[in-house]
Amino acid sequence: MKKAHYTGLIDRYRDVLPLAADCRVISLCEGDTPLIECHNIKQANERDIKLFLKFEGLNPTGSFKDRGMTVAVTQAVTEGSQAIICASTGNTSASAAAYAARAGIKAFVLIPDGKIAMGKLAQAMMHGASIIQIRGNFDDGMRLVKEVANEAPVNIVNSINPYRLQGQKTAAYEIAEALGQSPDFHCIPVGNAGNISAHWTGYAELAASSGKHVTKACGFCNGDCQFTGKSSISNRPKMLGYQAAGAAPFIKGSMIDNPDTVATAIRIGHPQSWDLAQAAVKESGGWFNSFTDEEILATQKLLATKEGVFCEPASATSVTGALHDMEVGNIQNGSTVVCTVTGHGLKDPDIAIKQSATEMLTIDAELDSVKRAILNNI
Ligand SMILES: *Cc1c(COP(=O)(O)O)cnc(C)c1O
């Protein structure tokens, strides 16, 4: 049954999600995020490359985590769970806190002491989560969450929860639906490695269902959509996973113990979806690469100043990698490229202000000074 307005990704993609027919859907109308075509990126323009940003920062709590959380919390409630728990670099805790509030259950979040962006902490606090700061990093938190879930009645909503990845795969469906096919390359930041795995699942499912009905409720299969009732998606993208140089276990080829990067959302040394992500990259013919904090922040600034898209540092990693791979020719001229922009820039105002503060001008409150400031800078 088609609703008059968009009501979230579970309603839209129900047919491809493993939820009970009569479940109580816990949703904040997540998903349906914009796919923004870049106009002002010279590396793409010069090479006739169509470069798109899938702006996941426009989900209800400002990151793609909401896609997974709506499905994970809906399932937790279906199972009768009264409490959820996660380890988080910030965005998972913000999302878990919001969906737990919506569901009327309790959220416990373990965050690394002092290493969480201000906006994310504010969200977890406002939504009423129980916040537990640990003297350790995300990987320590993840280990503790897995241990405590064996001894206390809590449901883990990190991406080791398979319902999270099921929800997150819907981003691939949306992209393919918007483009009429899968892109040639899909670029994505990699931290715990759940999202790259989820996207690959989505693209692979679509390609496998080519020529068949995909879902009843989505744009693929209603008579009023461009696909006239059947999925025509037969191609799959190469999956390109990009990390921060200080937190790049996939480049090293093994886990690392003291990850460090300004991109706190991907400050992870022991990715939980290691095997799935390796398989996604290998099966798709893609690759991993890593970039320095300076390169990542420069791209964050570039997107904000050239395209009007303000993302958090971790999110800029996908575009940093895309630009690099265009320049060196790994991404061929004429390709279609989608970069996941994972989280909103307002999550981490401190970093944004720090790298832009020198641009601020202070003048006397008088007309002449304002006029001079304009004429000197136009
Ligand atoms: C969680 C997160 C990531 C990393 O995603 P994984 O699934 O852990 O690889 C990247 N960017 C942002 C903004 C995130 O919140």
Side-chain angles (χ1 to χ4, degrees), residues 30 33 53-69 72 86-96 98 109 111-112 115-117 119-121 123-124 138-139 141-142 157-162 164-169 171-172 186-202 239-244 247-250 259 261-278 280-281 288 290-291 296 299-300 303 309-321 339-348 351:
E30 56 296 305
T33 55
L53 308 175
K54 180 66 169 166
F55 195 13
E56 293 286 276
L58 293 186
N59 276 296
T61 76
S63 86
F64 74 82
K65 299 298 198 296
D66 296 339
R67 287 185 188 274
M69 207 56 72
C86 64
S88 179
T89 61
N91 283 332
T92 301
S93 63
S95 187
V109 306
I111 58 172
K115 289 284 184 184
I116 171 167
K120 305 175 188 181
L121 186 59
Q123 289 178 291
F138 171 85
D139 298 310
M142 194 65 243
V157 293
N158 280 105
S159 56
I160 56 170
N161 179 329
R164 277 276 310 276
L165 300 196
Q166 285 293 314
Q168 288 168 214
K169 80 182 179 186
H186 188 115
C187 306
I188 191 162
V190 174
N192 219 12
N195 212 22
I196 189 172
S197 309
H199 278 75
W200 182 240
T201 299
M239 299 300 299
L240 312 187
Y242 299 125
Q243 302 210 278
F250 284 103
T261 169
V262 69
T264 51
I266 51 173
R267 189 171 169 270
I268 293 173
H270 290 242
Q272 297 295 311
S273 294
W274 178 272
D275 293 341
L276 288 174
Q278 292 283 13
V281 164
F288 292 104
S290 67
F291 299 93
I296 291 167
T299 310
Q300 183 196 18
L303 288 176
V309 172
F310 184 23
C311 65
E312 64 171 288
S315 312
T317 310
S318 58
V319 182
T320 308
C339 293
T340 298
V341 176
T342 46
H344 202 286
L346 290 172
K347 293 272 193 178
D348 198 347
I351 297 287

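Read the numbers this way: they start at 1 and go in the same order the structure lists the ligands and their atoms. These numbers come from the heavy atoms of this one structure, side chains and all, not from hydrogens, waters or symmetry mates.
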Seminar exercise, completed: Per-atom filter on ligand 1: closer than 4.0 angstrom to a heavy atom of Asn192 are 6 (P), 8 (O), 9 (O)

For this session: May I ask you to check if ligand 1 and Ser315 share an N or O to N or O distance below 3.5 Å?
Result: no

Exercise. Does Ser159 have a heavy atom less than 4.0 Å from any atom of ligand 1?
Worked result: no

For this session: Enter the distance from Asn59:CG to Met69:CE here, rounded to the nearest 0.5 Å.
Result: 11.5 Å

Exercise. Quick one: which ligand 1 atoms are inside 4.0 Å of a heavy atom on Ala314?
Worked result: 11 (N)

Seminar exercise, completed: of all protein heavy atoms, closest to atom 5 (O) of ligand 1 is Phe64 CZ, 3.4 Å

Problem set entry | Option set Thr92, Asp348, Thr342, criterion heavy-atom distance to atom 12 (C) of ligand 1, minimum | Thr342

Exercise. When rounded to the nearest 0.5 angstrom, what distance separates NE2 in His344 from SG in Cys311?
Worked result: 9.5 Å

Problem set entry | Between Thr89 and Lys115: side-chain donor-acceptor atoms closer than 3.5 Å | no

Exercise. When only distance counts, is Gly343 in polar contact with ligand 1, meaning an N/O pair under 3.5 Å?
Worked result: no

For this session: Just jot down the ligand 1 atoms closer than 4.0 angstrom to any heavy atom of Ile266, in number order.
Result: 3 (C), 4 (C), 10 (C)

Exercise. Near Lys65, which atoms of ligand 1 are under 4.0 Å from a heavy atom of that residue?
Worked result: 1 (C), 2 (C), 3 (C), 14 (C), 15 (O)

For this session: Specify the protein heavy atom at minimum distance from atom 7 (O) of ligand 1: its residue, its atom name, and the distance to 0.1 Å.
Result: Asn195 N, 2.8 Å

Exercise. How long is the gap from OG on Ser159 to CD on Gln272, to the nearest 0.5 Å?
Worked result: 7.5 Å

Seminar exercise, completed: In ligand 1, the atoms that come under 4.0 Å of a heavy atom of Val190 are 9 (O)

Seminar exercise, completed: Taking only non-hydrogen atoms of Gly194 and a 4.0 Å limit, the atoms of ligand 1 in range are 6 (P), 7 (O), 9 (O)

Problem set entry | pair Thr320-Tyr242: side-chain heavy atoms closer than 4.5 Å | no

Exercise. Is there at least one pair of N or O atoms, one from Gly191 and one from ligand 1, spaced under 3.5 Å apart?
Worked result: yes

Exercise. Any side-chain heavy atom of Cys86 within less than 4.5 Å of one from Val109?
Worked result: yes

Problem set entry | Lys65 (side chain) donor-acceptor with Gly343 (main chain) under 3.5 angstrom | no

Problem set entry | Value rounded to 0.5 Å, distance of OG1 in Thr61 from CG in Asp66 | 3.5 Å

For this session: Output the list of atoms in ligand 1 that are nearer than 4.0 Å to some heavy atom of Glu312, sorted by atom number.
Result: 13 (C)

For this session: Using distance alone, with no hydrogens and no angle criterion, decide if Asn195 and Glu56 have a side-chain donor and acceptor under 3.5 Å apart.
Result: no

